[in-house]
Number of protein chains: 4
Amino acid sequence: MTVRIAVAGASGYAGGELLRLLLAHPDVEIGALTAGGNAGTPLIAHQPHLLPLADRVLAETTPENLAGHDVVFLALPHGKSAEIAARLGTDTVVIDCGADHRLTDARAWERWYGGEHAGSWPYGLPELPGHRAALHGTKRVAVPGCYPTVASLALAPAVDHIGPEVTVVAVSGTSGAGKSLKPNLLGSEVMGSLSAYGVGGTHRHTPEMIQNLSKAAGRDVAVSFTPVLAPLPRGILATCSATLTGTVDIREVYAKAYADEPFVHLLPEGHWPTTGAVLGSNAVQLQVTVDPDLNRLVVVAAIDNLAKGTAGAAVQCMNLALGLPETTGLSTVGVAP
Amino acid sequence: MTVRIAVAGASGYAGGELLRLLLAHPDVEIGALTAGGNAGTPLIAHQPHLLPLADRVLAETTPENLAGHDVVFLALPHGKSAEIAARLGTDTVVIDCGADHRLTDARAWERWYGGEHAGSWPYGLPELPGHRAALHGTKRVAVPGCYPTVASLALAPAVDHIGPEVTVVAVSGTSGAGKSLKPNLLGSEVMGSLSAYGVGGTHRHTPEMIQNLSKAAGRDVAVSFTPVLAPLPRGILATCSATLTGTVDIREVYAKAYADEPFVHLLPEGHWPTTGAVLGSNAVQLQVTVDPDLNRLVVVAAIDNLAKGTAGAAVQCMNLALGLPETTGLSTVGVAP
Amino acid sequence: MTVRIAVAGASGYAGGELLRLLLAHPDVEIGALTAGGNAGTPLIAHQPHLLPLADRVLAETTPENLAGHDVVFLALPHGKSAEIAARLGTDTVVIDCGADHRLTDARAWERWYGGEHAGSWPYGLPELPGHRAALHGTKRVAVPGCYPTVASLALAPAVDHIGPEVTVVAVSGTSGAGKSLKPNLLGSEVMGSLSAYGVGGTHRHTPEMIQNLSKAAGRDVAVSFTPVLAPLPRGILATCSATLTGTVDIREVYAKAYADEPFVHLLPEGHWPTTGAVLGSNAVQLQVTVDPDLNRLVVVAAIDNLAKGTAGAAVQCMNLALGLPETTGLSTVGVAP
Amino acid sequence: MTVRIAVAGASGYAGGELLRLLLAHPDVEIGALTAGGNAGTPLIAHQPHLLPLADRVLAETTPENLAGHDVVFLALPHGKSAEIAARLGTDTVVIDCGADHRLTDARAWERWYGGEHAGSWPYGLPELPGHRAALHGTKRVAVPGCYPTVASLALAPAVDHIGPEVTVVAVSGTSGAGKSLKPNLLGSEVMGSLSAYGVGGTHRHTPEMIQNLSKAAGRDVAVSFTPVLAPLPRGILATCSATLTGTVDIREVYAKAYADEPFVHLLPEGHWPTTGAVLGSNAVQLQVTVDPDLNRLVVVAAIDNLAKGTAGAAVQCMNLALGLPETTGLSTVGVAP
């Protein structure tokens, strides 16, 4: 079986990572590559690492150019996917790497993003309890945000054993911010410096974490989330903590939760996750411990924000949607050092 | 007045930063420079940035070599300072950049460091309530650890308004680990990667934070502390949070607390600290906010771990000990970008 | 066909990259993993990115442990390969990533490395004229040094059109220096700094460049080589220049030379190589130009020093040695950004 | 004596570095700070490291706003300085950090920059033979480009002993490119990658090197110059080479040339320059060697492109122009690690 895919937003970081992974996918043929302002330019100008596609010229992101593919990946700014998706055939698999279809609660959408809620699609984090089934054979996937991916996987197994509030401080590389031409994202500003942003619960990924953890818990979970920007292109390391309510063997809880997951790895005791170890891979590395003085669970988790945090998850969900083995074309081996 | 100073541990990072600052100090003459294994080698081999001292040959770290100076800075591994200090004259100002004399509680020392407690000296964080007075004219100073410096300054003003437990996740550059030749500190490992260490309350700076905040609060404060290693040489960015117990104007509380402090700066609203902005300076940049959904205070603070986090604090305390203006030879201007 | 391979030196950077590539190679089964001082420890302690091999325990590097494999990769310090190789069967394919068998001239070996010359093996740079044939079906391969790889590919096509002396300044990431625990390789030293080393023709890769270019030219070519260390883990960018002796269309010369090479890419005019674009891949990116004021050819070339510069070349040569398609298990797609 | 200074272009990197140095200069009072598009915004939004000036609001860059100061620093894009300078009083010291007044040859200006040549001003590299005298008491200074600074100081002492052509490959941090919002300067693109640009003698700093070296030699010197962009904010490391024409003790030549220079340091044998060692300082670190196989001189030199490469040179020239000690407010001590 060969599926023909299209990528909208092919000149950005998520689009580039999608293409990198799809070039290595045995069942995929790469069709239309589209862009907004970069339409009309060759891909090599934006993705010099994708040599096999160097000469491809970017088309405009229109429903017409995206039509006629088995799978369409949307790597667009939020608010742009819904309109395009509505004009793609219902038998096309549409995988939205943006935020438009992640939140189930229309009021949450309005509060955090503004504008009309486009509705929600099956949420592309198959490792969360109850989520994989909805992705099998689906025609629509909302790929999770990078921070919610790592925070949800880090805390979901523990929800029955922790207090009502969790704290997430996640340090991220710069590619999560995309190719936006903002002064604070210039290399000169980023290198040799650390900065916080979206402090005080103001980052848009907060409601997505709340949604995931509350659903897993069957009750409201409150999330204190702070993202930190660090000088590296890729990778998120999240430190997640919460007060334990009992004396469960929490390590055992995590070991069980992820025993059969191909991409989520609870490391052996004494080893701690690093983002370098998952660079370019779809792996999630986790370690858990308990601070005995506070009876506080601390989970550290690492992902590659562009891979498992975006494009890798998208390919994983495509596999599920098409009935392919879930791990096809994806690796747990990072590129290090 | 010219004071003659000596630096023990002059080939390390703290020693190098001390010398950088002291070379720019108008009242200082640099005397003996000593080292352990590097004794007998020229300073340029270890500190190629200190050109005016390039030809100085390192002496061995002995009480004899350190004798005859007005001020002796000890930048030694923990457990090494007490013995040396005991053999320096009581009229010599001894400023210990190591951990030996920071903890007031002998049991805490034994639990976290092991071995016999050397006793405690005036704690060199003049910006903490009640600490400056003890530093005026003192002959002994225990320079705080870098993480406790930033965490204590970030949270001390709020202690009357928060619950019993605080969470500190502090991202640090690599120089905090010193020049230790460990594989995980190699450039190839560090660059492009983030890692956690000392998770679950196991980092030795934890009891120092507890000591500072509990003293400021007049009651026990519990601290959940996780340090994260990021790819930059210098800088700590700490995200500190705690549940607010009332409805105080917390920004006002901070503004008041640090109104007269020359080195601690509450940034204007809308601006967030970055470590790049304080690189090489003695400044602390702070910003505070409240997550309204959780009524949780979040404070972000940035320092240079080698400057205000170690050597800058040491010079600041020397100034106080000698009766010089506190800011002599120190700057609030960072080297950026 | 499945070939069983062993890797000696599996805890180092070259060994880790070999394993990363071999894990993705469809025809390979991974056998013994050996090490020197790290023997007895699990691979995860050294290569946390190689999750599928996490539990493997490193054996000692002995001929016995390496016996019984179809292919043995040696990623050992120079001077260590010859002895091991002599004790491996002549029907075993032995691929030496070290320097022992690269130089054909015994006097050059003695001058640059000292000790007895172990003799030379087929040189694993198939893209150099006349080299590929010798690699088909060979049982022994000397994998080129990383700098000679990039410099030779950058200049070989031009040797008939340039003067007798070439200048190579190659900037490299730190992994080329291996996991050596030296102070100048610590992250704190490397980040935010550039340094030169091996200046004045003293780097051991110089005679290898001379050998390659002189052989390609059929006359002596003199090489002025300076390596520069830059703050990134992987990648070499070489700036190579030489005076042109005639008025040939040099771009056309390069286009022809590499027209059929799967891994060497002359970029379209106006695009310049970056190491980021080849990270993790076996691609070489080249661009050529002529400075009209000097009639001087300038070639800029980028490789990943661990991939095409070491482990990728080794796998490419294994493919040739075993009669597999040359590109099996190798990619020209980099991991960027 | 207190001189009142103004900085035009205060929101850029050169402007920020000027202010950092001028804040530490004992004889300076900081007057007008002006900008182009950033006029009307507070300095803290652009230079968060300059805390003492945080509240200053940027004025527009007009002759009126710059009038009434003893010294005006122009840190403007090329082509913008001449017009402003013409409208500043002839008794004002005007120090142009841009390119407008560097080239003495109008045809060279037209070829490399286009537009009308504004004429040339005393060239602000006092360490070049014959240049210091012209700077004493001058009212106009053309601050050299960063690459010409390092290349000229690296090669000028040797001009009587080398062949007609020199090769310069200079690796630079990203701040040399300014705060331009270009995709290739984004942190995500820069970190973990090396790239070449301005290859083949096309960089505008080439004619400035030719001018300096030809003047020093009293004959035409040809320059092959290639700049390389590396992942660090600041620093240039230049590898400069040329064929020696005789058998002079070239080390001695350099030692003599710079014996009395406060900022140019020929390192002791066995030590090589690093940019980390000069970060934030006005020092130039040099090392020389000869490749005996080629009788080729290789000089490696390191500067901070924003300090000695721009703003430090500007302050040094201000000192000369005002009759202050040349080193006032400048340091040879770098900020490392």
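Throughout, a chain's letter reflects where its sequence line sits, starting with A, and its residues are numbered from 1.
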> Taking 4.5 Å as the heavy-atom cut-off, does anything in residues 49-61 of chain C contact chain B, and if so which residues?
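Against chain B, none of the residues of residues 49-61 of chain C fall inside the cut-off of heavy atoms under 4.5 Å.
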> Going by side chain to side chain donor-acceptor pair (under 3.5 Å), name the residues that satisfy it together with His25(B), two or more places apart in sequence or in a different chain.
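Testing His25(B) for side chain to side chain donor-acceptor pair (under 3.5 Å), a comparison that skips the adjacent residues, returns Asn319(B).
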> Highest number of heavy-atom pairs under 4.5 Å with chain C: which of Met191(B), Arg234(B), Glu189(B)?
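That would be Met191(B).
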> Please enumerate all residues that pass ring-ring contact (aromatic ring centres under 6.0 Å, His included) together with Tyr13(B), with sequence neighbours excluded.
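Scan of Tyr13(B) (ring-ring contact (aromatic ring centres under 6.0 Å, His included), adjacent residues dropped) gives none.
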> His271(C): which residues meet the side chain to side chain donor-acceptor pair (under 3.5 Å) condition with it, sequence neighbours left out?
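Result, side chain to side chain donor-acceptor pair (under 3.5 Å) vs His271(C): none returned.
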> Where is the tightest heavy-atom contact between Ser188(B) and Thr174(C), given as atom of each residue plus distance?
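That would be OG-OG1, 2.7 Å.
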> Need one label for Ser180(B): side chain, backbone, both or neither, based on atoms under 4.5 Å from any heavy atom in chain C.
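Contact with chain C involves the backbone of Ser180(B) alone.
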